[in-house]
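To keep things clear, I will list the structure first and then write my remarks on it.
Starting from 1, each residue takes its place in the sequence as its number.
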Amino acid sequence: QIWVSGRPGLASLGLAQLQRKIELPGAWQRLCIAALEKPRPRVALGLALKGVASAAIDVSDGLLADLGHIAERSGCAAALQLVKLPQLRDLAGSGASYNADLRRMALDCQLAGGDDYELCFTAPGTQNLAIAQIAARLELPLWNIGEMTAGPAGDVTVLDPDGKPVEFARKGYDHFGNPA
């Protein structure tokens, strides 16, 4: 199973706010800019996962890119389910105030934004109780967002609520300048 801590995408949304690419609601502005300017690396979580997780990486280049690194090094593919991601729906509002553009940007930031320093990790299903106990002890939400699958090493597929693949143009930051 694939897990992620906290709420990836907040730092990237904070950067978009500072660059005036979006206008976040007041409370979200403070939360996202704080995530960008004062990241909280998940050192305690990393230490707690020793003997529980089979692989882990910090989400510094974007969730899709960094999960791709785990999949590549593991010789597996990964399937991520959109409905299991930490929800940012309050950000876009609802009803008449719903902002579809902001929702799309939030999803892009969540999947491909970097500098969150949340942890993405894998663990067998037999570790679910141990993971729940770690989450409670650290008072940190941990989200089961998908699973490792058979397939080309490094491939990450994002699935919609119906289980159909969804394409995203951006996967995250690429240190070597390859299209990502």
- Do Arg7 and Glu118 pass the salt bridge (Lys or Arg N to Asp or Glu O under 4.0 Å) test, and can you show the C-alpha distance, the side-chain angles, and the key distance before you say yes or no? CA-CA 8 Å; Arg7 295 174 93 176; Glu118 295 295 348; over 6 Å; no

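- Within the 3.5 Å criterion, the main-chain N or O of Thr122 finds a donor-acceptor partner in the side chain of Ser54.
- The backbone N or O of Lys164 sits less than 3.5 Å from a side-chain atom of Asp160, completing a donor-acceptor pair.
- Within the 4.5 Å cutoff, side-chain heavy atoms of Leu80 are placed close to those of Leu67.
- Ser60 places a side-chain heavy atom less than 4.5 Å from the side chain of Asp66.
- Heavy atoms only, all atoms of each residue included: Arg137 and Ala48 are closest at NH2-CB, 3.6 Å.
- Linking ILVMFWY residues whenever their side-chain heavy atoms come closer than 4.5 Å, directly or via other members, places Leu107 and Val158 in the same cluster.
- Here the side chains of Ile2 and Lys84 are not in contact, with every heavy-atom distance at 4.5 Å or above.
- Considering only heavy atoms from C-beta on, Ile33 comes within 4.5 Å of Gln17 through its side chain.
- Nearest approach of Ala78 to Met148, heavy atoms of both residues: CB-SD, 4.0 Å.
- Between Gln29 and Glu23, the side chains place a donor N or O and an acceptor N or O closer than 3.5 Å (distance only, hydrogens not considered).
- Under the 4.5 angstrom side-chain criterion for Ile, Leu, Val, Met, Phe, Trp and Tyr, the cluster partners of Leu49 are Trp3, Leu45, Val52, Leu119, Phe121, Ile131, Ile134, Leu138, Leu140, Leu142.
- The hydrophobic clustering, which links ILVMFWY residues whose side-chain heavy atoms are closer than 4.5 Å, places Leu15 and Ile22 apart.
- Smallest separation of non-hydrogen atoms from Cys32 and Leu13: SG-CB, 3.8 Å.
- For the residue pair Pro25 and Leu102, the shortest heavy atom distance occurs at CD-CD2, 4.3 Å.
- The OG1 atom of Thr126 sits 9.0 Å away from the CD atom of Gln1 when rounded to the nearest 0.5 Å.
- Under the 4.5 Å side-chain criterion, counting only non-hydrogen atoms from C-beta, Pro41 is not in contact with Asp58.
- Looking at Asp116, its side chain does come within 3.5 Å of a backbone N or O of Ala11 through a donor-acceptor pair.
- Counting heavy atoms from C-beta outward, Ile70 and Cys120 have side chains that approach closer than 4.5 Å.
- Gln110 and Pro86 make their closest contact through NE2-O, 2.6 Å (heavy atoms, listed as atom of the first residue, atom of the second, distance).
- Residues Val83 and Pro161 come closest through the heavy atom pair CG1-CG, 3.4 Å.
- Looking only at side-chain heavy atoms (C-beta outward), Leu24 and Leu31 stay at 4.5 Å or farther from each other.
- Note: the hydrophobic cluster containing Ile57 also contains Leu63 (ILVMFWY, side chain heavy atoms under 4.5 Å, direct or indirect links).
- Side-chain contact between Leu111 and Leu85 is present, with at least one heavy-atom pair separated by less than 4.5 Å.
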